[in-house]
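Working notes for the structure below.
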Amino acid sequence: MDAKTYNAELAELRVLRDGIRKAQAALERLETDRARKINALAGYEKAKAERIAPAAGLSLADIVAIAPILAPDRLITAAQANPAHVPPSPEPAAPPSPAVQAPEPAGETALPSGTEHAQTSAQAGTAAPAMTRPAPETAAEPELPATLSAPPSVPAPVAATPLAAQAAQRTLPGIPEGLEGDRWFAHTANLVSTHPNFTQQARSTVFLDTHTGVLVHRDQTFRIDLPTASAAEILNTVLHVLPGGVERIYITTGAPWHRQADQHPFLKDTVAAWLNAPTPGWRTDTGRGKDRMAGHFVHPRSPVGRYQREHGEQHVEIRSVGEWFDTEGTEPAVIRDAFVLLWKALRRHWPDAVLMGSPSQTGRDLWTRTIPTKGQYADGYPVLSEELRGLFHATAGQGRTELITPPRVPAQLPALVEYDRTFAYAKHTWKSGVGIPRRVTAATFASWSQKEQTKALFACGHWHVRVTVPANWTHIGILPAPAPGDRAWHYPATPGTTFTTWAGGPEIHTALSNLHTPWKIEILDGILFDDGKPLDDWSKKLKEAWSSLTAQADLNGDPDQRTAAHLAARAVRALLLYGIGAFAQRPRTVTGTTPRTMERDVPPDAEIIGFDDQTITWQRPTGFTRDPNAHPEWAAHIWSSARAALLSQRHRDDNTYAGALHAPPGTIVAFRTDAVYLTQPHPWPHHGQPGDYLNKGHLPGPITAPTTEDELLTLRDRGRAAHHAAPTPEGA
């Protein structure tokens, strides 16, 4: 083969690649439609996996993986009756692990999860030693239990898991045995979160509605013409109107990066094509300053375009205001006022506060300015080893998202009621793990006294556990388990199911002491930190700013200023929410583009995610960067606490409890991060404080139970509209 033939064959190979990409996109759309149809069919009370499987062209196991409620009884019965035929678990062999059992009630002691009627271990179907946990006196300083007997050193037999569940479940990583695993328990050398010694520079910012052409800069309003709303057109038109220059353009309405969505198989391809379209006179920015951010950020909903003059030092970002809050059609001038109110509220607590491009950047920058310059952590907070950060990334899920479908809920719902936890994460930042963590092996945990074990579970920790759902369990799942797909989670609730997972202390405590039946928890391994308050000052200041803006939104007589204050309060929520997410430090993926004529320059480890006649768009993982503010252990503890509070939360001042476990079985329809959807209302207290359950929607029934996320969101919006339109009772 000569060079000419070689190049010709390469050209043909590229054509095949492009055709395969398009065919794969079409196939994925068809598979998504098929899964949606299978879930819809699963809602029929007489639906059978055996009939759906041949109609879908899938195996029985594939059908059950898509719609678990279709698991045939014969598979489950066979697995339980003949466990010898159950395929062995792919988990590595674990040392003998202590089985941590829930407490028996001791006199009139109330359990923290909110029950005065805890089940005894005999009622739970186990004869394991008991653990008594009195209710904490305050949220900040839980009282330790009086007694905690040592659990058995040999774990109880593992209950059989249904075959379909075993086939679908993925295995989470663990900590290596011996010295290799012990080596993980250290900090990364010369990588510390410290108080900054510089002041952020403010960026000149404008707000643009690409539908109407309204452009707002400070106290000036312009109207510009954007026929195509391309990046080049926006840059050149805005800079023509404001020759003095701007550095950040927020798109308030219009989403110009979606205008050619019908020409691409995926929304991300549409966004990439918009960002990478020719911009005469401009090139992709390479970054600058302390907050150096280079290149475009391809995101389906909130992309970031970063551009620099080809012959000059002018840098401009094009971003979506949707990163901060839902604009809901608000005028650009009102959005400008919201950012002004936000800045003023933050300046009361941070004299050097500057609004950066995104809430995650701004939130974390503000946090660094609360790092103490005196005392124990005057030198900053060290960053964990890369191995532990990777483990947290793989094993610590975020908010709970779950849709519960018939027959676990009625096919016709009597109502759909939405309760959303107000500013939820702000309630769980008062305590976080600090210092070099300790490894707690199964043998070590078993050797501790009951008091030491309970203290460890109340502390900031991350635990590798084997979990068994009680045989008489009739409620929702409590602990997250790995599900098929990258970083996917589900919440097993089938009686007798056993699974291995990682979980935080708050969720484990909820499983052990819930008001229905205690779950069986076996500690396999653990990561335990000293308790500290690295986020407390930051969170308190944000909560005060949020309270101030919320009050302005309630009391201001000007409708536009009320809206601006409301949006500013939502932006403070985003600062904390996305600031916490930024601590998690996901492994970074770099997105880039290469001209089709220079295809050989595409990095060899890159994945091609889009292409057109001129440009190839690719992405490749770069792993963890040396981020001095990476603290996934803090994010994991807050997420675990929030998921636990979604199930059970004590309101001490009202002497009551709220959460999904305090609703009758069969009445919970869905979870979405901080919200729970029920079939009936509950008198849960709401005083406007972080963590309180706010009734945001109530759609009277009968309603066909949703079987897809889109159906749930449609019902949610109808419920919010109906609730907003409902008359307020007298005296409310």
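- Between Thr212 and Arg223 the shortest side-chain heavy-atom distance falls below 4.5 Å.
- From His637, atom NE2 reaches atom CZ of Phe583 across 14.0 Å, with rounding to the nearest 0.5 Å.
- Annotation: side-chain hydrogen bond (donor to acceptor under 3.5 Å, both in side chains) contacts involving residues 560-583, sequence neighbours excluded, comprise Asp337-Gln561.
- A distance of 8.0 Å separates OG1 of Thr205 from CG of Leu355, quoted to the nearest 0.5 Å.
- No donor-acceptor distance shorter than 3.5 angstrom exists from the side chain of Glu507 to the backbone of Ala644, with no hydrogens or angles considered.
- Evaluated for a side chain to side chain donor-acceptor pair (under 3.5 Å) with Gln200, the options Asp365, Asp352, Thr362 yield exactly one hit, Asp365.
- A donor-acceptor contact shorter than 3.5 Å links the side chain of Arg643 to the backbone of Gln398.
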Margin query: Apply side chain to side chain donor-acceptor pair (under 3.5 Å) to residues His687 and Asp653 and explain how you reach the verdict.
Written below: CA-CA 11 Å; His687 304 299; Asp653 293 342; over 6 Å; no
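- Heavy atoms from other residues, nucleotides or ligands lying under 6.0 Å from NZ of Lys540 number 12 at most.
- Closest approach of Lys543 to Ala426, counting heavy atoms only: NZ-O, 3.3 Å.
- Using a 30° and 60° split on the angle between ring planes, Tyr693 and Tyr419 fall in the perpendicular class, above 60°.
- For the 3.5 Å distance criterion, the side chains of His315 and Asp285 qualify, holding a donor opposite an acceptor.
- Between Val316 and Val238 the shortest side-chain heavy-atom distance does not fall below 4.5 Å.
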Note to self: The test is side chain to side chain donor-acceptor pair (under 3.5 Å); show your working for Ser648 and His662 and say whether it passes.
What the structure shows: CA-CA 7 Å; Ser648 182; His662 301 277; 2.8 Å; yes
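- Between Val271 and His258 there is a side-chain heavy-atom pair separated by less than 4.5 Å.
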Check: Between His651 and Gln649, is a side chain to side chain donor-acceptor pair (under 3.5 Å) present by the stated rule, with each step listed?
Finding: CA-CA 7 Å; His651 292 261; Gln649 175 175 282; 3.2 Å; yes
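- The closest side-chain heavy-atom distance from Pro482 to Thr501 is below 4.5 Å.
- Scanning both residues, Trp684 and Val676, for their nearest heavy atoms gives CZ3-CG1, 4.4 Å.
- Ion pairing between a basic and an acidic side chain is recognised when a charged N comes within 4.0 Å of a carboxylate O; Arg364 and Asp627 show such pairing.
- The heavy-atom pair separating Asp531 from Cys460 by the smallest distance is OD1-N, 3.2 Å.
- Atom CG of Leu403 sits about 13.0 Å away from atom CD1 of Ile668, to the nearest 0.5 Å.
- Using a 4.5 Å heavy-atom threshold, the side chains of Trp538 and Leu366 count as touching.
- Note that CG of Leu535 and NZ of Lys431 are 13.0 Å apart. Values are rounded to the nearest 0.5 Å.
- Applying the 6.0 Å contact sphere to CZ of Arg347 captures more than 12 heavy atoms from other residues, nucleotides or ligands.
- The structure places CG of Leu567 at 9.5 Å from CG of Leu341, a figure rounded to the nearest 0.5 Å.
- Formation of a donor-acceptor pair under 3.5 Å by the Thr327 side chain with backbone atoms of Thr330 is not found in this model.
- The pair Glu418-Arg672 does not meet the salt-bridge criterion, since no charged nitrogen lies less than 4.0 angstrom from a carboxylate oxygen.
- Test Lys696, His686, Gln689 against Thr422 for side chain to side chain donor-acceptor pair (under 3.5 Å) and you get one pass: His686.
- A cation-pi contact, defined as under 6.0 Å to the ring centre and within 45° of the axis, links Arg369 to Phe198.
- Of the residues listed (Trp367, Trp639, Phe529), the one engaging Trp634 in a ring pair (Phe, Tyr, Trp, His ring centres under 6.0 Å) is Trp367, and it is the only one.
- The two residues Met356 and Gln361 make their nearest non-hydrogen contact at SD-O, 3.7 Å.
- Two residues are said to be in side-chain contact when any heavy atoms from C-beta on lie closer than 4.5 Å; Trp502 and His462 meet this criterion.
- Side chain of Ser548 to main chain of Glu544: no donor-acceptor pair is present (N/O by atom type, distance under 3.5 Å, no hydrogens or angles).
- Considering every non-hydrogen atom in both Leu346 and Ala545, the closest pair reads CD2-CB, 4.5 Å.
- Pro628 has its side chain out of reach of Tyr381: every pair of non-hydrogen atoms, C-beta onward, lies at least 4.5 Å apart.
- The backbone N or O of Trp430 sits less than 3.5 Å from a side-chain atom of Lys533, completing a donor-acceptor pair.
- Within 6.0 Å of the CD atom in Glu331, the count of heavy atoms belonging to other residues, nucleotides or ligands does not exceed 12.
- A donor-acceptor pair is defined here as one N or O able to donate and one able to accept, closer than 3.5 Å; no such pair exists between the side chain of Thr368 and the backbone of Pro196.
- At least one donor-acceptor pair closer than 3.5 Å links the side chain of Arg421 to the backbone N or O of Gly691.
- In terms of modelled atom types and a separation under 3.5 Å, the side chain of Thr252 and the main chain of Leu208 share a donor-acceptor contact.
- Centroid-to-centroid, the aromatic rings of Tyr491 and Phe671 stay 6.0 Å apart or farther.
- With a 4.5 Å cut-off on side-chain heavy atoms, Val298 and Trp274 do not count as touching.
- Closest non-hydrogen pair, Leu267 versus Ala261, comes out as CD1-CB, 4.1 Å.
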